[in-house]
> 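The structure follows.
Numbers restart at 1 for each chain; the letters A, B, ... are given by sequence-line order, proteins then strands.
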Number of protein chains: 2
Amino acid sequence: MPDVTIAEVASHAGVSPSTVSYVLNGNPKISDHTRERVRASIKALNYRPHAGARALRSGRTDVVALAIPMYEWTNERVVMPFVYGVVEAARRHGWNVMLLTDAEHGAEIDQVVRSKMVDGVVLMEVREDDERVAALSGLEARAVTLGMPLQGSSMPYVDFDFEACGRASVDYLVELGHTQIGLLAAPSGVFNRKLGYAQRLWQGVSERLRELGLDFHGCPMEPTMDGVLDALDGLYKKVPGLTAVVVHNEGSLDTLLQALKQRDKDVPSDLSVLAVCQRDLALRVSPVLTCMDVPAVEMGRGAVELLHAREPTSYLVAPVLVPGASTGPPRSRGRVREALTTRRADKPVGPVRAT
Amino acid sequence: MPDVTIAEVASHAGVSPSTVSYVLNGNPKISDHTRERVRASIKALNYRPHAGARALRSGRTDVVALAIPMYEWTNERVVMPFVYGVVEAARRHGWNVMLLTDAEHGAEIDQVVRSKMVDGVVLMEVREDDERVAALSGLEARAVTLGMPLQGSSMPYVDFDFEACGRASVDYLVELGHTQIGLLAAPSGVFNRKLGYAQRLWQGVSERLRELGLDFHGCPMEPTMDGVLDALDGLYKKVPGLTAVVVHNEGSLDTLLQALKQRDKDVPSDLSVLAVCQRDLALRVSPVLTCMDVPAVEMGRGAVELLHAREPTSYLVAPVLVPGASTGPPRSRGRVREALTTRRADKPVGPVRAT
DNA sequence: ATGAAAGCGCTAACAC
DNA sequence: GTGTTAGCGCTTTCAT
């Protein structure tokens, strides 16, 4: 089966190559009758345009690059849904996805962009002073980031609104009657790498607690049993009356639940646990965690849409609360609730609720 | 910064375009002196060959497609290391990787191959009657599978030797003195999908047990706490004296350990647990599991090497035992050990040990 | 509404 | 050892 060219399709359909090209590219000036004949020939000959020839002539490839992170603390379970979202949306636009890892400090990106293999690039987990951003500056490819750069680069981004999420998490727990709330945060490596999202959640939680006149205590947490126990014990030492925690650490959700069992803390009666993570992950542990859903697939899609948009505008995805079995009122409450009720009157709190 | 072409490099270096092309493609007939001058010009002008033009002319793209599975039971933690291995090896050959998901029943593969976007395809998790294999047959692209097809297709593959692994697992446990050994197998979805590897491990374990005159009891296991408890309780019901299990279920390792705690079974004194999984996963639970390491990154690399080889030959990767804290001798033993010793004399058992 | 024709940037056969 | 040259298969301007 030799390769069919546009010329063969053309002669099969009794038209010129340009007409076939017009049909292929949706030129509206082609008559319905001709279009159908050409389509029939394309099908009959099982024709596929040569991507290289098309790219050479048109300057477009309909391929986007996806640069996925490869840090030692990267959690595959967290990354993959973003990837699926990107691939899915890309294909909806008729694009393919070139997979890059950032092992070579931006050199892969430079290569695929400058050799015109891709029309655009999606960057995941951009750090401060990211070499990939530098590699991309001065190149003509479109680029978006999946995750908000810490320093405002000029690149459009789509990200989860971690700060609003932190605030909403506090509000939700306060509304339940909690006043002694802690934060079990991302591993310290994430903070050190200047990734932004860890800080932004931290800030949202701490600011909102302070606004409500409550104390804040947070602790980064390593994704091992020892790390989790350390963080947990540290928090209880600082806040003996702790009744609720926000957890921003996808890799440690079940470890945390085990650790709590080990410390004889019942969830939620001794401790309410509110996770910031993808819905799936919250559902896969026992008890099912109440979570602030990070809609990874949708965000991956969003990044591709941004690449497609004629005027890309960065945006943040609002947190959505997905109720689970891990949160409830604290054991002892009373006037706290009154205080809250008063507060709510002048400033509404609480995130959107999942349907 | 306009795009530099080969002609501009040529005139900058004072040579003809073909000479630049020869340098680019490593033609040995170019003199060292010329080669250096051309290289200098390439660097000075920051030149990158246009991938489309090169593909159009040469018929090669230096891109390989990776078709990753997207089944509901797919474990991202398991898949990603294979992907990393593929990407890494591809780049070592100067290739890029196009990422495909099999959402469209092979149509994506057909598209990228027939439009000449890729030179080869790596197929992950090929099933019996896989639509992707059908899509690929009759196409001229090279193709390899990462995972052995159940029905012998003609495609070269690299896979883990699950059958040998099953046998070696039994031997290892029998050598420790166990005689009541069970198998906690992959989720039933994996068996139903005719993926091969689940069956092959099952077969290895059961055959070796029978050869040694021991009973076999196995049970598929769903990756939820309920599923794990069901499988475990079922196994204990059938084999009340159970002292060891082989687990072939990456998604349930920590759930299993929790379930055992819940049933008051100490590991390894009440039950030895031998996992068939990637080394990493075995290290990340507590206690650290003894495992038969599935070297995913290396296998990913191997698939790419197969694509590169002039005469690709399928091969199976031998199991390597990585000792952990989850296996030991059973509580009560005695004459069993003698029986084994006799047996070993005429047929050596046991896998390669990790260094 | 359709066709003719001019390349896009590169490689490789061939000439010298 | 290096240059000349003829396209690869497609898109797109311009003509009709």
> Which residues in residues 30-45 of chain A have at least one heavy atom lying under 4.0 Å from any atom of DNA chain D?
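Per residue number, the list is empty: none.
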
> Test: salt bridge (Lys or Arg N to Asp or Glu O under 4.0 Å). Region: residues 98-110 of chain B. Which pairs qualify, not counting sequence neighbours?
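Every salt bridge (Lys or Arg N to Asp or Glu O under 4.0 Å) pair that includes a residue of residues 98-110 of chain B, provided the two are not neighbours, is A:Arg48-B:Asp110, A:Arg91-B:Glu104, B:Asp102-B:Arg132, B:Asp110-B:Arg114.
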
> Roughly how far apart are B:Trp95 CH2 and B:Leu307 CG, rounded to 0.5 Å?
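Taking CH2 in B:Trp95 and CG in B:Leu307, the distance rounds to 5.0 Å.
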
> B:Phe82: which residues meet the ring pair (Phe, Tyr, Trp, His ring centres under 6.0 Å) condition with it, sequence neighbours left out?
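Listed in chain order: nothing, the list is empty.
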
> Give, for atom CG of A:Asp62 and atom CG of A:Asn96, the distance between the pair rounded to the nearest 0.5 Å.
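Going from the CG atom of A:Asp62 to the CG atom of A:Asn96 covers 8.5 Å.
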
> Encode nucleotides 11-16 of chain D as B, S and - characters from 5' to 3', where the letter depends on protein heavy atoms closer than 4.0 Å: B to the base, S only to sugar-phosphate, - to neither.
BBBB--

> Quick one: list whatever passes side chain to side chain contact (heavy atoms under 4.5 Å, CB included) with B:Thr101, sequence neighbours left out.
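Side chain to side chain contact (heavy atoms under 4.5 Å, CB included) check on B:Thr101 returns A:Tyr84, A:Val87, B:Ile68, B:Met70, B:Ala103.
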
> Evaluate A:Val86 against A:Arg301 for side chain to side chain contact (heavy atoms under 4.5 Å, CB included), listing each step before the verdict.
CA-CA 5 Å; A:Val86 167; A:Arg301 286 195 203 114; over 6 Å; no

> Quick check for you: name the first and last nucleotides of DNA chain C, 5' to 3', having an atom under 4.0 Å from a heavy atom of chain A.
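From 5' to 3', the first and last contacting nucleotides are C:dA1 to C:dG9.
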
> Check whether any side-chain heavy atom of B:Glu76 lies under 4.5 Å from a side-chain heavy atom of A:Val83, and answer yes or no.
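A side-chain contact is absent here, since even the closest heavy-atom pair is not under 4.5 Å.
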
> With a 4.0 Å cut-off, would you call A:Arg92 and A:Glu88 a salt bridge?
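Salt bridge flag = yes for A:Glu88 with A:Arg92.
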
> In this structure, how many angstroms lie between the P atom of D:dC8 and the CG atom of A:Leu56, rounded?
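Those two atoms, CG and P, are 13 Å apart.
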
> Between the side chains of A:Lys116 and B:Asp3, is the shortest nitrogen-to-carboxylate-oxygen separation below 4.0 Å, so that they form an ion pair?
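So B:Asp3 pairs with A:Lys116 through a salt bridge.
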
> Which distance, rounded to the nearest 0.5 Å, do you find between the OH of B:Tyr157 and the CE of B:Met299?
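B:Tyr157 OH to B:Met299 CE: 11.0 Å, rounded to 0.5 Å.
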
